[in-house]
Amino acid sequence: MDFPYSVDFSTFAGSFFPLIKPLTTMDYNFPEIEKKWQQFWVDHKTYKTEIDPSRPKYYVLDMFPYPSGAGLHVGHPLGYIASDIYSRYKRLNGYNVLHPMGFDAYGLPAEQYAIQTGTHPAVTTEKNIARYREQMDQIGFSYDWDRQVRTCDPSYYHWTQWTFIQLFNHWYNRTTQKAEPVETLIKRFSEAGNKDVNAAVTPEWHKETARKDPSFTASPDGVFTAREWNGFSERTRREILMNYRLAYQSDAVVNWCGELGTVLANDEVANGFSVRGGHPVERKLMRQWFLRITAYAQRLLDGLEKVDFSESLKEMQRNWIGRSEGAEILFPIKDTSLTLNIFTTRPDTIFGATFMVLAPEHELVGRITSPDCKDAVETYLHEALNRSERERMAEVKKITGEFTGAYCLNPFNGTPIPIWVADYVLAGYGTGAIMAVPAHDSRDYDFARHFSLPIVEVVSGGDISRESYDAKEGVLVNSDFLNGLDVKEAIKAAIRRIDEAGIGKGTVNYRLRDAIFSRQRYWGEPFPVYYKEGIVYTLDEKELPLCLPEIDAYLPTETGEPPLARAKNWKTLEGYPLETNTMPGFAGSSGYYLRYMDPHNNHEYFSSEAVNYWQDVDLYIGGDEHATGHLIYSRFWNKFLYDTGLSVKDEPYKKLINQGKIQGRSSIVYRVKGTNTFVSKGLKEQYETLPMHVDVNMVSNDILDTEAFRKWRPDLAGAEFILEEGRYHCDYALEKMSKSLYNVVNPDQLIEKYGADTFRLYEMFLGPLEQSKPWDTNGIEGVFRFIRKFWRLFHDAENHFRVSDELPTTAELRSLHRTIKKVREDIERLSFNTAVSAFMICVNELSELKCNKRAILTDLVVLISPYAPHIAEELWSLLGHDSSINGATYPSFNPEYLKETTFGYPVSFNGKTRFKLELPLKMTPAEVETAALNADESQKWLEGKKPRKVIVVPGKIINIVR
RNA sequence: GCCCUGGUGGUGGAAUUGGUAGACACGCAGGACUUAAAAUCCUGUGACCAUUGCGGUCGUGCGGGUUCAAGUCCCGCCCGGGGUACCA
């Protein structure tokens, strides 16, 4: 999966890092300790995971990364560290934890790089993966690397292709709300035609099929009988079936990106530009592969009720699916036998419809336009249809349209209504036509005002002389049989009458579109598809995987075919041409969590034993930028596999956490204009200055290392500084982390200086996991101090390991058990920052108590091991254990040690705390009240008055009301 | 526009169900140790007033409200971040 950060290629080798100095005290020798234990874990396969029915399973998943050339910066590992802590915690609590990692290895950047340099994308990808792996290994993650998957490996995409074939061979039965094999559909067609088949099907499919296949003769609404079906040719049958398949081909208006040379899915386009690269995107009619994800729209929506995702993410998915309830209504067109079908969510406002609007693409436009309006309409259509999507978006406020000269009739009372054509109505939503109710829709209102069309109020409550009244509340007026009803009742009543009168029906519309599944690119999964006399067939499952062929250049052919058309012998064994499109990036990431369950299986996607044991993902951590892409596709993919009986859970991810983005924190210096002199932040007002970004690695606590600055660039060698109190204070700005702003901090340098354990703790200490925050290296010193202080609990002044076997004191036990309780609670609610501070408090207390008791420290080491695994292993071993701490048991807290006999009650007067009063906890509220009123201090605050009321909350507070 | 979030010291943040606002850490100031530096340790650190001592007032974006008690709940605003849009 791709990360949203735009960091350029930035191998830091040879860069200048003045802050990395050798540590003068090496009492806690982290470089050696961390290296040693990382090697130990590899040698002993400490994190290897197998199915073990004797233990409960727990599946912790990270969104696998797209390995970009820039490597990891400090933002990437945030979620990985959190999931690692949680995995380790679960293991120590007796769970068999599946915690895998892999790489989303197909994608555009490696291919763009190939086009520029000729380097094979596989080579770039391999190199980048090696770099990611090296960086991840330094952090000390507990992944079972034996289960690694890469989407570009034939052994992996074998099953991506296999799933595609299954999708191709299934249709969606709306009656059972399930995918079923195409064979059942063929059987029904041959026995009873398609009349009673309630399937998710391409709208208006029969028109396209009839156009392409003149021998196809269905009725105007696409119905055929069994007899007709049995008489169809093979070609016709397959053309028809195509419109029912869950993976299907269709001619459709798609997002075409000329720069990238490929079509893009809706979630890969934002505001008319490609998300990746920011290239312009146009609408273009092309034959493409699609996934019929719309069949699952309702289930994708309903499933959100069952999963533990953040409300904002669920809301994003709900908006993306965009369910709206309403009605389709048929309006007869005056003086013709035609009807106009419109979709509205407000059938109650039908008596306020003063004009109708068709999208410029609507098929009726050409048929109903009256002769005297023809020229004007054609001119308008010419303009509107040639406006690009981007122009349309840029000029949303521009109101355009044209009267067709035709009228339709209100189906209830026969009132003639003029029909207009305007591009504010979209061809792709609903029926591409609306009834315009200017009084109660702001867009219709603006249009009516612009063209001086009548505005009729039908819902009271607003002031339609000023603006439209869009709210769904109020009482209906001027509306025949709806008069006097409130809006919600009126909607129901209108739909009932529409159904009864046979002039339409109540319907549900979704904004969700089927996913465009083909790309005209090289670096992706080949489709297991070939063409025999122009008819589409899938390969036999035995022929998988269909490997990506080698080609001579990563560009389209001279004739504009996709790059795979360059491959030699891109044909089946029988000589039929293979599909030249490849699958999109989300193909490989849609079902990867299932493959981790059984990654080396050569016979099937995953065994039923594996899926029955591992079931689903218990905790999934990743960025919320995947809300409308991967997370929807993946849920769809799983639901399909669930329908076919492969996946055992309807929803793949039980709980999802979105870690916050880490923003950059740039350092800025001020140059006095026209000089080589730089003025400290506090004095800059006295000069005319220009700000300049400097490498954040030369700045510590906003103080510039002026020596390093002079060496940074030759032109700065002679730089002069105007200091404040002998120091140069930098300014800062919160921006995107980017090489050009010199604010990229990568984990390698921090780990080199402070060690992986400090790095892990600091990333967690930064703040709540889900919150976006700027990266600020200031403060890591505090965590580093803490970890050394922790080390010193076990060591004497000469750094000799020394623990005592004496029995711990009450104070020591209380400190430990308070920490156990707090840290357990914090991990359970993924509040890692507060757990780190609990460790700090405990170590501060134990240092104060000069505690080096084995009984205390042993538990503390296990407690901290998920956060700082290297130092924990080392101390665990020093404590005399000869196996990994990974096999230890997480300590439980004993409430006995936390029992207090007295409590320091805050005594407040009228809600303001004035003093504290130590009282036994077993006192009754009445006794507490008496004690509080009798306290010397109380006399002063009572000012001789009698208290009106005294509130005592035992163990919490005393409040005296004067 | 609509939807979702968030707003607490100089800074990152804590306060889990309404019950001692500012835990923990950074930074800063002062001190100890040291020839010096690093490291370590100690003290102070929300603002304002008072300061010889006691102390007092204000304070969680703004304005109201509920409550014995509000960062937390309710109403109305303001600002930041994210998503989304001629979706009828």
Side-chain angles (χ1 to χ4, degrees), chain A residues 21 23-25 27 270-271 310-320 322 324 326 342-346 349 357 392-393 395-399 422-426 428-437 440-444 446-447 470 509-511 624-625 627-628 660-661 663 701-703 732 762 765-768 770-774 776-783 785-786 788-789 792 797 822 825-826 828-829 831 833-834 836-841 844 847 904-916 947-953 955-962:
Chain A
K21 298 172 192 155
L23 290 155
T24 49
T25 53
D27 45 354
N271 300 319
S310 73
E311 200 43 51
S312 71
L313 190 121
K314 285 188 188 182
E315 202 57 30
M316 264 191 247
Q317 294 209 347
R318 286 189 196 113
N319 291 340
W320 190 258
S324 56
I342 62 101
F343 173 74
T344 179
T345 55
R346 294 294 301 276
T349 61
V357 186
R392 244 167 110 152
M393 283 182 190
E395 303 170 332
V396 161
K397 288 281 168 279
K398 197 170 143 192
I399 296 167
D423 69 357
Y424 81 93
V425 172
L426 304 179
Y429 184 79
T431 60
I434 62 158
M435 64 174 198
V437 184
H440 306 290
D441 180 286
S442 59
R443 296 153 303 184
D444 298 344
D446 294 342
F447 194 85
D470 297 11
N509 243 295
Y510 298 91
R511 203 194 70 115
D624 65 359
E625 66 275 11
T628 54
K661 286 189 186 68
Q663 294 135 352
N701 289 318
D702 293 336
I703 304 295
Y732 71 89
Y762 185 57
F765 191 57
L766 227 42
E770 292 181 81
Q771 190 172 303
S772 286
K773 53 223 154 192
D776 187 353
T777 306
N778 302 340
I780 195 170
E781 296 280 350
V783 175
R785 266 172 220 150
F786 154 75
R788 278 178 296 168
K789 199 168 179 177
R792 283 200 303 272
K822 173 79 176 146
E825 286 168 0
D826 285 350
E828 289 292 351
R829 61 192 178 100
S831 176
N833 56 327
T834 52
V836 174
S837 80
F839 286 129
M840 289 174 170
I841 293 168
N844 287 345
S847 298
Y905 277 96
V907 182
S908 42
F909 290 79
N910 292 354
K912 285 194 170 93
T913 309
R914 294 305 181 180
F915 64 94
K916 272 195 193 169
R948 280 199 287 156
K949 196 172 177 185
V950 180
I951 312 280
V952 174
V953 183
K956 280 258 168 74
I957 199 167
I958 302 165
N959 190 19
I960 298 169
V961 188
R962 280 180 304 188

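Since the model is a prediction, treat every value here as computed from it, not as a measurement. Here is how names work: the chains are called A, B, and so on, in the same order as the sequence lines, proteins then strands, and each is numbered from 1.
In this structure, A:P768 reaches the sugar-phosphate backbone alone: every heavy-atom distance under 4.0 Å involves primed, P, OP1 or OP2 atoms, never a base. Among the protein residues, A:S837 comes within range of the nucleic acid bases, having at least one heavy atom under 4.0 Å from a base atom. Among the heavy atoms of the strands lying under 4.0 Å from A:V953 is at least one base atom, whether or not backbone atoms are also near. Counting non-hydrogen atoms under 4.0 angstrom, A:I434 reaches a base of the nucleic acid. Among the heavy atoms of the strands lying under 4.0 Å from A:I951 is at least one base atom, whether or not backbone atoms are also near.
Separation of the C1' atoms belonging to B:U43 and B:A50 is 22 Å when rounded to the nearest angstrom. A distance of about 40 Å separates the P atoms of B:A88 and B:U16, rounded to the whole Å. The separation of B:A21 from B:G46, taken at their P atoms, amounts to 14 Å, rounded to a whole angstrom. Remark: the separation of the C1' atoms in B:G10 and B:C28 is 8 Å, to the nearest Å. Distance check on atom C1': B:G82 versus B:G27 gives 31 Å, rounded to whole Å. Across B:U5 and B:C75, the matching P atoms stand 14 Å from one another, rounded to whole Å. Taking atom P in both B:U72 and B:G64, the straight-line distance is 15 Å, to the nearest Å. Rounded to whole Å, the separation between the C1' atoms of B:G71 and B:G9 comes to 14 Å.
Taking 4.0 Å as the cut-off between side-chain N and carboxylate O, A:D441 and A:R346 do not count as a salt-bridged pair. Between A:K661 and A:E770 there is no salt bridge, since no side-chain N of the basic residue sits under 4.0 Å from a carboxylate O of the acidic one. Checked for salt-bridge contact, A:E825 and A:K822 miss the test: no charged N lies under 4.0 Å from a carboxylate O.
For A:F839 and B:A14, the CZ to P distance is 17 Å, given to the nearest whole Å. With rounding to whole Å, A:D624 atom CG is found 11 Å from B:G81 atom C1'. Taking atom NZ on A:K956 and atom C1' on B:G18, their separation rounds to 10 Å, with Å as the unit. For A:K822 and B:U16, the NZ to C1' distance is 8 Å, given to the nearest whole Å. The separation between A:L313 atom CG and B:U84 atom C1' is 14 Å, rounded to whole Å. Taking atom NZ of residue A:K789 and atom C1' of nucleotide B:C42, one finds them 11 Å apart after rounding to whole Å. Nucleotide B:G19 holds its C1' atom 15 Å from the CD1 atom of A:I960, rounded to whole Å. For the pair A:R318 CZ and B:A85 P, the interatomic distance rounds to 18 Å; values are reported in whole Å.
Taking the side chain as every heavy atom from C-beta outward, A:D444 and A:Y424 approach each other to under 4.5 Å.
Pair check for B:G22 finds none; no Watson-Crick or G-U wobble contact set falls under 3.5 Å. In this structure B:A32 sits in a base pair with B:U40, meeting the Watson-Crick or G-U test at under 3.5 Å. Nucleotide B:A47 forms a pair with B:U57, judged by Watson-Crick or G-U wobble geometry with both contacts under 3.5 Å.
Between the base of B:U20 and the side chain of A:K912 there is no donor-acceptor pair shorter than 3.5 Å. Donor-acceptor pairing under 3.5 Å, judged by distance alone, is absent between the side chain of A:N778 and the base of B:C26.
OP1 or OP2 of B:C41 has at least one side-chain nitrogen or oxygen of A:R792 nearer than 4.0 Å. A sub-4.0 Å separation between OP1 or OP2 of B:A88 and a side-chain N or O of A:S324 is present. One finds no side-chain N or O of A:R948 lying less than 4.0 angstrom from the OP1 or OP2 phosphate oxygen of B:C68. Proximity of A:Q771 to the phosphate of B:G6: no side-chain N or O atom is located under 4.0 Å from OP1 or OP2. Contact between the side-chain N/O atoms of A:N844 and the OP1/OP2 oxygens of B:A25 is found at a separation under 4.0 Å. For B:G19, the OP1/OP2 oxygens have no side-chain nitrogen or oxygen of A:T913 closer than 4.0 Å. For the pair A:N833 and B:A14, the criterion of a side-chain N or O lying under 4.0 Å from OP1 or OP2 is met. A sub-4.0 Å separation between OP1 or OP2 of B:G12 and a side-chain N or O of A:K773 is absent. Taking only side-chain nitrogens and oxygens, A:R785 comes nearer than 4.0 Å to OP1 or OP2 of B:C26.
B:G9: glycosidic angle within 90° of 0, hence syn.
Ring geometry for A:F915 versus A:F909: interplanar angle of 30 to 60°, hence tilted.
Judged purely by distance below 3.5 Å, without hydrogens or angles, the side chains of A:S837 and A:T834 never pair a donor atom with an acceptor atom.
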